[in-house]
Structures are given as C-alpha cells and as structure tokens.
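All remarks here apply to the structure that follows.
Small disclaimer: the values here were computed from a predicted structure and weren't measured. Residue numbers begin at 1 in each chain, while the letters A, B, ... track the order of the sequences.
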Amino acid sequence: MSIAAAGPGFLSPTGVEIAFLLVGLVTFGAALVTVTTRQLVHAALWLVVALGGLAVEYLLLTAEFIAWVQVLIYIGSVVVLILFGLMLTKAPIGRSPDADSGNRGVALAVAVAAAVALVWVVVDAFRTTWIDLDGTVAGSTKVTGESLFRNWVLPFEALSVLLLAALVGAIVLSRRAKADTAARTPQAQGDRSTGRSTDRSAKDAKDTKEGSR
Amino acid sequence: MNGTVEVALRLLIVFAVFLTFPLIVGQTEHKVMAHMQGRLGPMYAGGFHGWAQLIADGVKFAQKEDVVPADADRRVFRLAPAVSLLPYLLVLLAIPLGPGEGAVGQVLDAGLFFVLAVMGVGVLGSLMAGWASANKFSLLGGLRTAAQLLAYELPMLLAAASVAMAAGTVSLPGIVESFQWWWLPWQLVGAVVFFVAGLAELQRPPFDMPVADSEIVFGAYTEYTGLRFALFLLAEYAGIVVLCGLTTVLFLGGWHGPWGADGLGWLWTLLKTAVLAFVVIWLRVTYPRLREDQLQKLSWTVLVPLALAQIALTGIVKVVIS
Amino acid sequence: MSRPSPDHRPATTPSERSRPSVPGSGLAKGLAVTLRTMTRRAVTQQYPDTQPELPPRTRGVIGLLEENCTVCMLCARECPDWCIYIDSHKETIPAATPGGRERSRNVLDRFAIDFSLCMYCGICVEVCPFDALFWSPEFEYAETDIRDLTHERDRLREWMWTVPAPPALDPGAEEPKEVAAARKTAEKLAARQQAEQAGQAGQDGPREGEA
C-alpha cells in the first residue's frame with residue numbers, strides 16, 4: 001500500500017467516500033440491469049438511473065458544473081431521444097424476445113476490455129492525486145471554464161468543428177431526401193389521389209418529416 | 001445542530017411554497033380565464049367566490065379509485081407522476097427570492113445549469129406515462145412531448161446562455177446581483193425566447209399538442225385517475241411557478257425594483273412572478289393551439305435564430321463595454 | 001408533406017395574410033380582446049341564488065282562469081300534441097222569469113294540461129275566445145314523477161296569480177274594445193242619471209227614459 005501512504009488512508013473513510021462508494025455501486029448495478037434487461041424501455045430508464053448516479057458522483061467530487069451538464073445533456077436530451085426512438089419503433093410493453101443478440105459473448109469481451117483499459121489509464125494517470133474536498137472547490141464552473149479555455153482549448157475547438165460537420169451533414173442528408181421526394185411528387189400525388197401509396201414514397205415523406213425536425 | 005435545523009426549516013418553507021403557489025396560480029387561472037370569457041368561474045366552494053375550488057378538487061381526486069390499465073407497465077406507470085413532479089420541487093430550491101443567502105433555498109454555484117437540467121428531467125415523467133399506459137393516445141402524447149422537448153430545449157438553453165454571458169456567472173443570485181435596468185431592452189429578445197420556449201416545455205396552451213384533448217384525449221395522462229392525475233396537474237402548475245420565477249430572476253432583475261429594493265426585494269420577485277403567471281394564463285385564454293408542424297417550425301425557424309442573434313448581440317455589447 | 005404549404009407560417013405573423021401591417025398586430029389584438037372582456041361584467045346568471053329577470057311574455061307555464069272558460073273545446077282541439085284534457089257536462093238552468101225558457105249551459109268538470117307533452121307553442125292561449133288561458137313566466141315546476149306534470153284545474157287556477165299585468169299599450173294606441181264598450185255604457189248611465197237629477201230639479205220637466 002505505497003499509494004495509500006501518499007494520501008489519506010483507505011481504512012478510515014469519510015462520509016463522502018462512503019457515499020461515493022455506495023452511489024458507485026448503485027450506478028454499476030443500474031448499468032448492469034440496463035444491458036441485461038429484456039424490456040427495451042426499462043433499459044432506457046435504467047440508463048437514466050446510471051447516468052444520474054454518475055452525476056451524483058461528480059457532485060460528490062465537487063464538480064458541480066460537470067454534474068449538471070451531465071444531467072442536462074444525457075438525461076434531458078440523450079435519453080429523451082432514445083425514448084423517442086423507442087416509441088417510434090413500437091417498443092412493446094413487456095419482454096422483447098429479440099432483445100438478446102447472439103454476439104453476447106463478444107460484446108462482453110469488448111466491454112470488459114474497454115473497462116479495463118479505461119480503469120487502467122485513469123488509475124495510472126491519477127495514481128497519487130487526491131481531491132481535497134474541504135479546501136477550494138476544484139470543480140466549480142470558474143475553475144472548469146478556465147482550465148477548458150486555457151489548457152484544453154484546442155481539443156474543445158476540434159470537437160466544435162466535428163459537431164459542426166455532423167450538423168451540416170445532417171442538413172445535407174435531409175435536404176437530399178427532400179429533393180428526392182420533390183422529384184417524385186407528381187407520382188406521389190397521383191398515388192394519393194387514387195388511394196394507392198407505394199412504400200417508397202411513404203418512406204420518403206416520412207424521412208423528410210424527420211429531417212425537418 | 002443549528003445548521004440542521006436551519007436546513008430543515010428551509011426545506012419546509014420551500015415545500016410549503018411548492019404546495020401553495022401552484023394552487024394559487026391554478027385558482028387565479030380559474031377566475032381569470034372565466035372573466036376573460038365573460039363568465040364568473042367557480043363561485044360555491046368555500047363560500048367566497050369559490051376560493052376553495054382547488055381544495056375541493058383535491059379532495060375529489062383523493063377519493064377516486066386509482067386505476068392502472070391491465071396491459072400497462074405497472075411500475076413505470078406508477079412512478080411517472082413522481083418523476084414529473086419532483087424536478088420542479090428541486091428547482092424551487094435554487095430560485096432566489098431576495099438578496100443574500102437567507103432568501104434562497106440552496107445557493108448553487110451552477111444554479112442556471114441546475115434548473116435547466118432538472119426541468120428537462122421532468123418531461124421524462126410524461127414520456128414514461130405515455131409509454132407505460134398501453135394506450136395509443138398516451139403513446140402519441142408521449143411522442144409529441146418528446147418532439148416538443150427536443151425542439152424547445154435548445155432555444156431555451158441559448159437564451160439562458162445569453163444572460164449568463166451578460167452576467168459573467170451561472171449562479172442565479174449572481175445573475176440577479178449584476179442586473180442593471182438597461183439589461184431589459186438588451187436581453188428582451190432572449191427573454192421572449194426563453195419564456196415562449198418555457199411555455200412549450202410546460203405544454204401550456206398554445207403549445208399543448210401533447211395533451212390536445214380534441215385530438216388525443218389527454219395525451220400521456222389519458223389513463224391516469226385520482227391522485228396520480230392530480231400530481232400531473234400539480235406538476236403543470238408548479239412548472240408555471242418555476243418558469244415565471246426563473247424568467248423573473250434571469251431577465252427581469254429579480255429583487256431589483258424602481259424603489260423599495262432594500263428589505264422588500266422578495267416582494268418585487270413575487271410581484272414579477274405573479275405578473276408573468278398572469279401572462280401565462282392570458283396567453284392560454286387568447287390563442288388557439290398550434291399544429292404540431294407549426295410548433296416545430298416556430299422553434300427551429302424563429303426561436304433558434306432569434307436566440308442565436310441574441311447571443312451574438314450579447315457578445316458584441318459585452319466586448320464593447322469591457 | 002413535401003410542398004411548402006402557404007398556411008405553414010410562423011405564428012408570429014398571422015395578420016400578414018389579409019393586409020400588410022405590423023407583424024404581430026393580430027396577436028396583440030387577440031390579447032386586447034381577452035383583456036377587455038375581463039374588465040367587463042360577466043354575463044353569467046347565478047340562477048338558483050338570484051332569480052332571473054324574465055320578460056313579461058315569457059312562456060313559463062299556462063294558467064287557467066276557469067271563470068272565463070265556456071268549454072268550447074277550441075284549445076283542446078287546436079293543441080298540436082293533444083295535451084289538454086277537458087271534461088264537462090250540461091246543466092239546465094231554470095228559467096229566470098216565470099214562464100221563460102230553461103237554458104242549458106256547460107259546466108267544467110276537469111281541465112288539465114299535461115306539461116310533459118306540452119311544447120309551449122301557445123296556440124291554446126291564442127285560440128281561446130274568452131281569455132281563459134294565460135301565459136305565466138313561472139318555470140320552476142319540475143317534478144320527480146312525470147305524472148305530476150299533468151296540472152289539474154286547481155293547479156292551473158293557482159298559476160293565474162303569477163300572471164303579470166299585460167304590458168301597457170303604446171302611447172296613442174286605439175283603446176281596447178272591451179274598455180271602449182264599458183265606457184260607452186258607463187257614459188250612457190251617467191247621462192241618464194244626470195238627466196234624472198235635472199228633471200227632479202225642474203219638477204215638471206218631461207222625464208226621459210221612464211217608460
């Protein structure tokens with residue numbers, strides 16, 4: 001235990017450390033249920049619990065800003081998007097028989113490998129770093145902003161460009177779908193007037209609607 | 001132990017506000033809506049101009065049977081009202097009423113992000129209700145809720161970001177602290193965008209397609225009865241209180257007023273919140289419901305560009321004056 | 001879906017359609033309408049607490065002035081849904097003067113209106129030649145048993161107390177016929193009395209009207 005000697009010991013945990021551990025267990029459990037449950041929407045809701053637990057962990061590490069951004073982006077937007085998609089695809093109430101994939105073993109291996117790599121890297125990087133919870137807040141908005149725009153401004157900008165590219169790509173894709181539909185409009189109208197509708201034109205129209213959102 | 005007592009007291013006060021203010025807004029809506037339509041509204045409950053109507057409603061809801069549809073996902077169905085109601089209680093904790101630490105439930109460093117994040121979580125309740133009810137109308141309502149949230153979260157965040165830029169902080173008391181009167185015209189567009197987007201997020205008319213009763217019965221809440229239904233309604237009115245309080249704090253200067261700012265600041269906050277709540281009701285009475293595509297169009301083609309323009313304006317002015 | 005339809009305008013400018021004006025003026029107008037309505041008195045009538053002010057010709061219930069009824073049966077026959085029941089018998093009245101002829105007259109036994117059938121058309125009131133039926137504005141006679149809605153003659157007579165006085169005639173209108181006839185008789189009588197008094201005063205004057 002040479003690591004422990006460098007900072008506060010493991011054997012006399014403070015209340016925050018105990019809470020951190022407990023919340024971590026809950027988060028881990030929720031994540032496990034997320035990938036093992038056979039009810040699709042339940043998986044999404046357990047994902048909410050896992051992500052929320054992560055936000056609480058950030059809070060316990062006094063990284064308030066990161067915690068709320070986690071809630072805002074992941075629970076407020078990403079999970080809502082997932083739920084939206086699930087509802088669009090008629091997620092059944094109860095078990096989905098096809099929720100399990102045959103690649104379960106491979107997925108497990110990949111997940112374990114990824115987890116091990118992450119844990120290893122993080123432990124290696126922050127081996128002896130201890131956050132002093134009682135001193136100056138290390139994760140306040142001000143500190144986060146300063147480090148983001150002073151030390152990490154290049155990755156930040158690179159990410160911005162990446163997101164912009166994704167945005168432009170989405171617009172281009174949706175516009176092309178619209179152009180396709182416009183070219184087919186006379187036929188589509190003819191179909192509608194005679195009460196027939198080919199799958200293709202209906203799909204195009206739907207795509208356009210999705211794109212315009 | 002003194003600190004514990006104080007925390008408990010604050011939580012109690014916030015909880016009391018949480019239970020009474022939505023009722024006051026609801027009763028005001030009853031009466032204002034009635035008079036705007038040339039009616040009188042409730043007149044009997046409680047004796048004097050039906051002041052106890054909502055209490056009577058609550059008693060009625062409590063007496064009703066709690067029905068869960070046979071095909072519903074029981075656990076999610078029962079959990080949904082709490083998920084949609086609790087976030088607003090948490091948000092109320094962070095809204096400052098007056099200057100100083102004594103007039104806010106809990107001072108948060110990133111209060112702005114906290115309120116916006118937690119308000120977004122409240123919509124999860126509607127989604128859960130919509131999916132778990134095993135009813136096509138509920139599902140449609142849930143879908144519309146999700147689409148609406150996705151569309152209006154962005155302009156709301158952008159407008160709030162503009163104010164945060166202007167104030168140079170994301171703490172709610174900090175924003176009010178640095179408020180100047182000329183912020184009103186400066187942030188006017190942002191205020192309108194924020195308020196409209198907030199209305200849409202609360203699913204208040206004219207943005208109430210998720211509960212459009214002439215099309216999809218009552219949207220995600222179709223299958224709910226009794227107390228759980230009442231909780232959803234309470235969530236809507238608590239949402240009005242929260243939205244009006246937030247708009248007051250962010251854009252109308254909170255406890256600042258032309259006079260009497262010392263000591264009576266909390267009165268200014270309450271007054272501004274009440275006026276905004278009246279506007280919410282007024283808009284509901286005046287305008288018809290938008291269509292679903294009009295709703296999306298309003299968000300993406302009007303509100304988002306307006307919010308971006310506001311951010312640009314804020315940035316320019318900020319650079320010029322510094 | 002793919003074509004931009006003309007009505008997909010942003011909601012902020014609904015007034016653009018009709019004529020060029022300030023964007024949003026239509027929205028402001030709507031707000032003004034509701035605000036103005038709020039400042040006006042509500043039109044709600046709080047009925048059970050305050051009685052409504054009904055116009056005098058309100059068709060609430062039909063009252064019967066049975067003294068005027070001659071059992072001519074016109075009302076019962078004209079009634080579109082046959083809700084008036086009349087029973088009567090003939091009575092012979094002994095001659096008024098010795099040696100005179102006996103007269104027969106109709107005596108009303110039963111007069112009932114079934115208000116569960118009545119459609120308040122008022123034909124019976126209009127058709128009555130002797131003013132025995134009247135409209136009354138009373139309307140609170142709901143019953144829990146439909147049979148109680150058949151009002152017999154005593155109940156119908158009671159309603160007469162609620163019949164309001166007929167509205168005043170227009171200024172300059174012709175006098176009602178019955179009033180004119182009554183006044184003519186009264187004037188004649190008065191003239192005769194005057195003449196009598198004048199004759200008594202003159203002692204020997206010819207006495208007119210004394211057969």
Side-chain angles (χ1 to χ4, degrees), chain A residues 37 39-49 51-52 55 58-59 62-95 136-145 167 171 174 208-213, chain B residues 69 71-77 79-80 83 87 94 108-124 126-128 130-134 136 138-151 153-154 157 164 168-171 174 201 292-293 296-297 299-301:
Chain A
T37 182
Q39 308 195 21
L40 281 176
V41 175
H42 281 200
L45 295 176
W46 280 111
L47 191 60
V48 172
V49 177
L51 295 172
Y58 288 138
L59 263 188
T62 69
E64 207 182 290
F65 178 75
I66 304 289
W68 300 137
V69 169
Q70 165 90 9
V71 174
L72 185 67
I73 303 297
Y74 282 95
I75 299 182
S77 305
V78 171
V79 172
V80 168
L81 204 60
I82 292 177
L83 280 177
F84 186 64
L86 283 180
M87 287 185 190
L88 270 184
T89 52
K90 266 169 68 178
I93 289 176
R95 283 146 190 273
T136 53
V137 181
S140 72
T141 317
K142 196 176 163 76
V143 177
T144 310
L167 208 63
I171 292 174
S174 67
T208 315
K209 206 173 171 189
E210 289 301 311
S212 67
R213 288 227 162 100
Chain B
D71 287 341
D73 190 314
R74 298 187 82 85
R75 268 187 301 170
V76 178
F77 186 85
L79 199 62
V83 173
L108 288 170
D109 174 45
L112 183 58
F113 274 91
F114 169 74
V115 290
L116 292 177
V118 175
M119 269 179 88
V121 173
V123 182
L124 268 184
S126 298
L127 290 184
M128 288 162 67
W131 176 77
S133 292
K136 61 182 172 186
S138 300
L139 188 64
L140 280 175
L143 277 177
R144 288 185 178 194
T145 308
Q148 195 158 322
L149 178 79
L150 291 176
E153 188 92 337
L154 186 60
L157 276 176
T169 172
V170 285
S171 135
E201 199 161 319
E292 190 65 26
D293 60 321
Q296 298 290 338
K297 205 152 191 155
S299 167
W300 293 112
T301 63

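- Closest non-hydrogen pair, Ala151(B) versus Ser299(B), comes out as O-OG, 2.6 Å.
- Residues Val41(A) and Val76(B) form no side-chain contact, since every pair of their non-hydrogen atoms from C-beta on lies 4.5 Å or further apart.
- Of the listed residues (Val121(B), Leu116(B), Leu143(B)), the greatest number of heavy-atom pairs within a distance under 4.5 Å of chain A belongs to Leu143(B).
- Of the listed residues (Leu81(A), Ile73(A), Val80(A)), the greatest number of heavy-atom pairs within a distance under 4.5 Å of chain B belongs to Val80(A).
- Leu127(B) touches chain A through backbone and side chain together, each having a heavy atom under 4.5 Å away.
- Side chains of Trp68(A) and Leu112(B) form no contact here, defined as non-hydrogen atoms less than 4.5 Å apart.
- Heavy-atom pairs under 4.5 Å with chain A were tallied for Leu157(B), Val123(B), Val83(B); the largest tally goes to Leu157(B).
- Summarising the local packing, OH of Tyr74(A) is surrounded by 12 or fewer heavy atoms from other residues, nucleotides or ligands at distances under 6.0 Å.
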